[in-house]
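None of these values were measured; they are calculated from a predicted model. Note: hydrogens, waters and symmetry copies are ignored here, and every other heavy atom, side chains too, is used.
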Amino acid sequence: MKILVCVKQVPDTNEVKIDPVKGTLIREGVPSILNPDDANALEAALAIKDTEPNVTVSVLTMGPPQASEMLRECLAMGADDAYLLSDRAFGGADTWSTSNTLAAGIRKIGDLDIIFAGRQAIDGDTAQVGSQTAQRLDVPVVTYVQDIELQGDKVIVQRQMEDGYELIEVATPCLLTAVKELNEPRYMSISNIVNACKKEITVWGHEDINLSPENCGLKASPTQVFRSFTPASKGKGEMLNGTVKEMSTSLISKLKGLHVI
Ligand SMILES: Cc1cc2nc3c(=O)[nH]c(=O)nc-3n(C[C@H](O)[C@H](O)[C@H](O)COP(=O)(O)OP(=O)(O)OC[C@H]3O[C@@H](n4cnc5c(N)ncnc54)[C@H](O)[C@@H]3O)c2cc1C
């Protein structure tokens, strides 16, 4: 069985700031991390590899050369091999363009049974890339996956909902997007860290994945950012004191005063 996990290197968003003049993200000096949902997706793939025979787990990212650091982290967690789609032509991609490029890379790798992605990246935050990639590959997709069980060439997944879950049977090849409730990602092991340093990362540009520059990056991106801004911070919270009865009476009168109730 061949499994591939789409992983994205993202800035640690707690520290991301927006340039007030240019309206763009200030990325300089901001640490990068493996997107959290993608760590859950990778853990799901590695857990299958732990229990099933002949499973290989690959990781794939589209990003700048420094994204190879995150790929090494994935190798150190236990992935078998890593692919980096990196080319100036891929720069400035929106989700349409990103999924087109990832799908071209996935086609080149070929013969995959399960493709994992995270539900959402914490920087772009659109949760579009997983489903769009599945559409381009013409494979079924299940989003918000919180549990997985393999049954031959089918996968039984729990799809998270607000008030419960759906149980869905999906045939392979398929694409599944992971949520954090799926598992607890493992730490890198010392032996895997040593192996990860020795492994080669396959780097492909647009020609390697048979994609013309017109079909990737900014040129193929129908969306453009009109404006980015930091929302104005809200006023300080007010703490109420007293017994529960006093606090609720006070709260009700304040809400009435504000015409909220
Ligand atoms: C309107 C708009 C305009 C944008 N313009 C630009 C721009 O001009 N320049 C620019 O650099 N960025 C731009 N972006 C950001 C860029 O589109 C996204 O970062 C990128 O397309 C991924 O989308 P996302 O972060 O929302 O991922 P999501 O859809 O939230 O990610 C879901 C999952 O898809 C997978 N995934 C996503 N991206 C990758 C990747 N690169 N490699 C591997 N797997 C991945 C991961 O598994 C991830 O968990 C723009 C975004 C929007 C919404």
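- Around atom CZ of Arg107, more than 12 heavy atoms belonging to other residues, nucleotides or ligands sit under 6.0 Å away.
- The heavy-atom pair separating Asp38 from Val5 by the smallest distance is O-CG1, 4.2 Å.
- Within 6.0 Å of atom CG in Asp138, 12 or fewer heavy atoms from other residues, nucleotides or ligands are found, so the atom counts as exposed in its surroundings.
- In this structure, the separation between CG on Asn40 and CG on Asn183 is 5.0 Å, given to the nearest 0.5 Å.
- In this structure, Glu207 places its CD atom where only 12 or fewer heavy-atom neighbours from other residues, nucleotides or ligands lie under 6.0 Å away.
- No more than 12 heavy-atom neighbours from other residues, nucleotides or ligands sit within 6.0 angstrom of CD on Gln135.
- Side chains of Arg119 and Thr143: no donor on one and acceptor on the other come within 3.5 Å.
- Under 3.5 Å, the side chains of Thr56 and Asp80 contain no donor-acceptor pair of N or O atoms.
- Note on Asp50 versus Arg186: salt bridge recorded, some NZ/NE/NH1/NH2 to OD/OE distance being below 4.0 Å.
- Lys199 NZ: more than 12 foreign heavy atoms inside a 6.0 Å radius.
- Considering Gln160, Gln158, Gln146 in turn, Gln160 is the only one that fulfils the side-chain hydrogen bond (donor to acceptor under 3.5 Å, both in side chains) rule with Glu181.
- Between the side chain of His206 and the backbone N or O of Leu211, at least one donor-acceptor pair lies under 3.5 Å.
- Between the side chains of Thr172 and Asp113, not a single donor N or O lies within less than 3.5 Å of an accepting N or O.
- Proximity of a side-chain donor or acceptor of Ser131 to a complementary backbone N or O of Gln128 within less than 3.5 Å is not detected.
- Leu4 contributes atom CG, which lies 11.0 Å from atom CD1 of Ile114 (distance to the nearest 0.5 angstrom).
- Taking CD of Gln9 as the start and CG of Asp123 as the end, the distance is 10.0 Å to the nearest 0.5 Å.
- Residues Ser97 and Asp94 are in side-chain contact: their nearest non-hydrogen atoms beyond the backbone lie under 4.5 Å apart.
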